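As structure tokens, the structure follows; a few thoughts come after it.
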Protein chains: 2
Amino acid sequence: MPKKCNFIEKLRELGLRPTKQRLNMCEVLFNREKTFHFTINDLVKMISEKMNQKISLATVYNTVHAFEKKGYLKEISIDSHKSYFDTNTSVHHHFFDEETNELIDCDENDIDPINIKKNIAGKKINSVEVLIKVASDNQNQK
Amino acid sequence: MPKKCNFIEKLRELGLRPTKQRLNMCEVLFNREKTFHFTINDLVKMISEKMNQKISLATVYNTVHAFEKKGYLKEISIDSHKSYFDTNTSVHHHFFDEETNELIDCDENDIDPINIKKNIAGKKINSVEVLIKVASDNQNQK
DNA sequence: AACTACATTATAATAATTCTAAACTATTGA
DNA sequence: TCAATAGTTTAGAATTATTATAATGTAGTT
């Protein structure tokens, strides 16, 4: 979703009614310069603490999944216990810092295009995603 | 773990006692030609149905995690609801069929080496994994 | 054989997510 | 403007996946 846009219009385009709760979520998620990575819990906390608005956990689940289905959020799964959502829905890759649990976007220049040489008969490729796990390089400490 | 090997020895090398339950799990997991992808539930079913052996769910969780920790199994996370374990612990990539929920190994020749041009200061790369999601190519149906 | 440390088990506890159904609200159209 | 209605929110219950517990069992050692 474009920055500073009219979220009411955007939600209507998605076929979602612009309720107070959804507008609060849009404000937190899409009204920012950079890509944002978050968990459901992060989002509930931000809305209740930073925005000082009451929202039910079920609504956050519902709305995040609605946004995901409509293509405005993408899920990035790290392992069975760590799953993030990403406001950047373009094809892009990630670094994941295993120590800080931080997910970082790769930009286009960080990684050469992925060249897949094999086709699976009768199948088309829906997505190609690279996850680069990193940690402190203690060898290079001075 | 090598095929047809002495699982008793292998388990001892890992510092794990060769119990009946662990040997059954080794038999199912490692005594086969090809890489095997499975969920915890798959494994419980295979042991109880195919091997006709009783095993508790907790033991399967414990042992899978022990094998994973020792580097004999690798977790492959598809999304927050789909997590597989892989008996192929080498660095390799995967196709995932979103219709059949089947995970398929890429072999070395299926994909060109991934070239990462950006370093994150003070961090070293622990792993690089590519996940290629595929589905039926209905455009090409005749 | 007996001791000890590790394993297994059923079950309970916890955590994450989804479901339910009642109350609420945005939209529509008379 | 004001129902009617269809979609939304909510608290709490239900479900699912995973981990913890503590009693019992077993492998390895002496």
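Below, read A as the first sequence line, B as the second, and so on, with proteins coming before strands; counting in each chain starts at 1. The figures that follow rest on heavy atoms only: side chains count, while hydrogens, waters and symmetry mates do not. Just so it is clear, the structure is predicted and the values come from calculations on it, not from any experiment.
The phosphate of C/dT8 (OP1 or OP2) has a side-chain N or O of B/Arg22 nearer than 4.0 angstrom. OP1 or OP2 of D/dA11 lies within a sub-4.0 Å distance of a side-chain N or O belonging to A/Lys54. Side-chain N/O atoms of A/Arg12 include one lying less than 4.0 angstrom from OP1 or OP2 on C/dT27. Note on B/Arg17: every side-chain N or O is 4.0 Å or more away from OP1 and OP2 of D/dT26. The phosphate of C/dA15 (OP1 or OP2) has no side-chain N or O of A/His81 nearer than 4.0 angstrom. Between B/Gln21 and the phosphate of D/dT26, there is no side-chain N or O to OP1/OP2 separation shorter than 4.0 Å. Contact between the side-chain N/O atoms of B/Thr59 and the OP1/OP2 oxygens of C/dT9 is found at a separation under 4.0 Å. Note on A/Tyr61: a side-chain N or O is less than 4.0 Å away from OP1 or OP2 of C/dT17.
A/Phe85 has its CZ atom 8 Å from the P atom of C/dT17, to the nearest Å. Nucleotide C/dT27 holds its P atom 14 Å from the CG atom of A/Leu14, rounded to whole Å. The separation between B/Leu16 atom CG and C/dA7 atom P is 6 Å, rounded to whole Å. Atom P of nucleotide C/dC6 and atom CG of B/Leu11 are separated by 16 Å, given to the nearest angstrom. When rounded to the nearest whole Å, the span between CG of B/Leu43 and P of D/dT18 equals 13 Å. In this structure, A/Ile55 atom CD1 and D/dT8 atom P are separated by 14 Å, rounded to whole Å. Atoms CZ (A/Phe7) and C1' (C/dA26) sit 20 Å apart, rounded to a whole Å. Computed from coordinates, the A/His65 NE2 to C/dC19 C1' distance equals 14 Å when rounded to whole Å.
The number of heavy atoms from other shown groups lying within 6.0 Å of CD (A/Glu108) does not exceed 12. Atom NZ of A/Lys117 has more than 12 heavy atoms from other residues, nucleotides or ligands within 6.0 Å. Atom NZ of A/Lys118 is surrounded by more than 12 heavy atoms from other residues, nucleotides or ligands within 6.0 Å.
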Item to check | Derivation and outcome, ring-ring contact (aromatic ring centres under 6.0 Å, His included), residues B/Phe30 and B/Phe67 | outcome: CA-CA 11 Å; B/Phe30 304 115; B/Phe67 287 171; 5.7 Å; yes
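B/Lys82 and B/Asp79 are joined by a salt bridge, as a carboxylate oxygen and a charged side-chain nitrogen come within less than 4.0 angstrom of each other.
Of the candidates C/dA16, D/dT9, C/dC19, the closest approach to any side-chain atom of A/Ala58 belongs to C/dC19.
Residue A/Ile40 is classed as having no contact, given no heavy-atom separation below 4.0 Å to the nucleic acid. When heavy atoms are screened at a 4.0 angstrom cut-off, B/Thr19 is found touching the sugar-phosphate backbone but no base atom.
Both A/Leu57 and B/Thr63 lie close to DNA chain C; mapped to their nearest nucleotides by heavy-atom distance, the more 5′-ward contact belongs to B/Thr63.
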